Amino acid sequence: MQGLSLIQYIAVAALPLLFAITLHEVAHGWVARQLGDKTALMLGRLTLNPIKHIDPIGTLLVPAVLLMMGGFIFGWAKPVPVDYRNLRNPKRDMALVALAGPMANLGMALIWALVARVGFALGGTGASWFGVPLILMGEIGIILNLVLMVLNLLPLPPLDGGRVLTGLLPGPWAWRFSQIEPYGLIILVALLVTGVLGHIIAPPVHRLELVMFAVAGL
C-alpha cells in the first residue's frame, strides 16, 4: 500500500485481519456444533467478539512483527476446542470441521472484493474520503483471507489441510500421518524461513487474487 505510513496501514489492516482469524475459528466451532459437538458453544467461542478469540502471540505479536519486516501478514487466533467424541461420525466430521475454516476465509475474500467494489462506486460519486479506505481495506481483506485459506489447506498437521487429509486417508495411514503433528509447526517455520513456503502458496494465492480483483473491478 504505497503512500501509507505504518500507523495508517495498521489502521486499515486491523479490521480485515481480526475478521479473517475470528470468523475462521467461529466457522470451525459452528460446523462442529451442527455435527454434534457443543464444546465451543458452551465455552462462549461461537461469537464474533474478537476478544474471545485473540491470541496475544498469533493475533497481535506475529502480524505486527511481519508487518514491520515488510513480509506478508498472517496470524492465528486461539483454536476453537472440538471434542471429536461428540461428533456423529468422528473421522469424517473432523475433516468437515477442519475444512470450514478455510472455506470461511474464501467467503470473506469474496465479501471484501465486494467492499472494494463499493469503494470504487463511492469514489465515482465524489465520496472518495470514504471510498478510498474501503478500497484499501478490500484489497487487504482479499489478500489476507486468501493467504490464510491456502496456508491452512496445506496437507500438514496441525494445519486444517492436514486434518482434512487425515479424515480422508484409510485408518492405518491416517494414524501414521497424524504422527507428524508434533513436528508440524517446526516444519512450517522451516519452510517459512527458507522461503519455500512462499513458493508453495504464492501461485494459488495469485490466481485466486486475480479472480477476486476481477470481481472487485481492481
Side-chain angles (χ1 to χ4, degrees), residues 1-30 45-80 100-123 127-154 159-160 192 197-198 201-202 204-218:
M1 300 297 166
Q2 296 180 352
L4 293 182
S5 68
L6 179 61
I7 299 299
Q8 290 173 321
Y9 187 85
I10 291 174
V12 173
L15 191 60
L17 178 62
L18 285 175
F19 269 116
I21 59 180
T22 297
L23 289 178
H24 179 104
E25 295 301 329
V26 171
H28 287 315
W30 185 84
R45 296 295 303 278
L46 295 188
T47 174
L48 296 181
N49 180 359
I51 296 176
K52 293 285 188 177
H53 304 282
I54 286 177
D55 180 289
I57 295 176
T59 312
L60 303 175
L61 181 60
V62 170
V65 170
L66 290 174
L67 180 62
M68 289 186 289
M69 292 174 60
F72 68 88
I73 305 174
F74 75 95
W76 61 88
K78 289 189 295 186
V80 166
M103 291 303 98
N105 289 125
L106 179 61
M108 280 186 283
L110 181 57
I111 291 172
W112 283 113
L114 297 176
V115 168
R117 194 176 186 91
V118 170
F120 272 107
L122 290 175
S128 59
W129 62 272
F130 189 60
V132 171
L134 288 182
I135 294 170
L136 296 178
M137 289 177 67
E139 291 178 348
I140 294 172
I142 291 170
I143 295 170
L144 279 175
N145 279 286
L146 292 181
V147 168
L148 282 173
M149 183 191 75
V150 173
L151 177 66
N152 275 284
L153 284 176
L154 293 178
L159 296 178
D160 295 328
L192 176 63
L197 183 62
I201 70 174
V205 168
H206 178 64
R207 291 186 179 90
L208 289 168
E209 279 180 356
L210 294 178
V211 174
M212 297 299 172
F213 287 169
V215 171
L218 297 174

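In this chain, numbering begins with 1 at the start of the sequence shown. Here the structure is a predicted model, which is why all the values come from computation and not from measurement.
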Distance-only check: which donor-acceptor pairs under 3.5 Å involve side-chain atoms of residues 12-25, not counting sequence neighbours?
from	atom 1	to	atom 2	distance (Å)
Thr22	OG1	Leu18	O	2.7
His24	ND1	Gly101	O	3.3
His24	ND1	Asn105	OD1	2.7
His24	NE2	His28	NE2	3.1
His24	NE2	Asp160	OD2	3.0
Glu25	OE1	Val80	N	3.0

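- Rounding to the nearest 0.5 Å gives a distance of 12.0 Å between CD1 of Ile140 and CD1 of Ile135.
- By the side chain to side chain donor-acceptor pair (under 3.5 Å) test, Arg117 pairs with no residue at all, sequence neighbours left out.
- A donor-acceptor pair under 3.5 Å is absent between the side-chain atoms of Arg207 and the main chain of Ala202, judged by distance alone.
- Counting all heavy atoms, side chain and backbone alike, Ala109 lies closest to Ile142 at O-CG1, 3.6 Å.
- Lys78 approaches Arg45 most closely through the heavy-atom pair O-NH2, 2.6 Å.
- For Leu134, the side-chain contact (heavy atoms from CB on, under 4.5 Å) test picks out Val115, Val118, Leu122, Phe130, with sequence neighbours left out.
- Residues forming a side-chain contact (heavy atoms from CB on, under 4.5 Å) with Leu154 (at least two apart in sequence, or on another chain): Leu151, Leu159, Leu197, Ile200, Ile201.
- In this structure, CD on Glu139 lies 14.5 Å from CE on Met212, to the nearest 0.5 angstrom.
- In this structure, Val26 and His53 have side chains that are in contact, with non-hydrogen atoms separated by less than 4.5 Å.
- Closest approach of Leu148 to Asn152, counting heavy atoms only: O-ND2, 2.8 Å.
- For Val211, there are no side-chain contact (heavy atoms from CB on, under 4.5 Å) partners at least two apart in sequence or on another chain.
- The CG atom of Leu208 sits 12.5 Å away from atom CD1 of Ile143, with the distance rounded to the nearest 0.5 Å.
- The side-chain heavy atoms of Asn145 and Leu106, taken from C-beta on, include no pair separated by under 4.5 Å.
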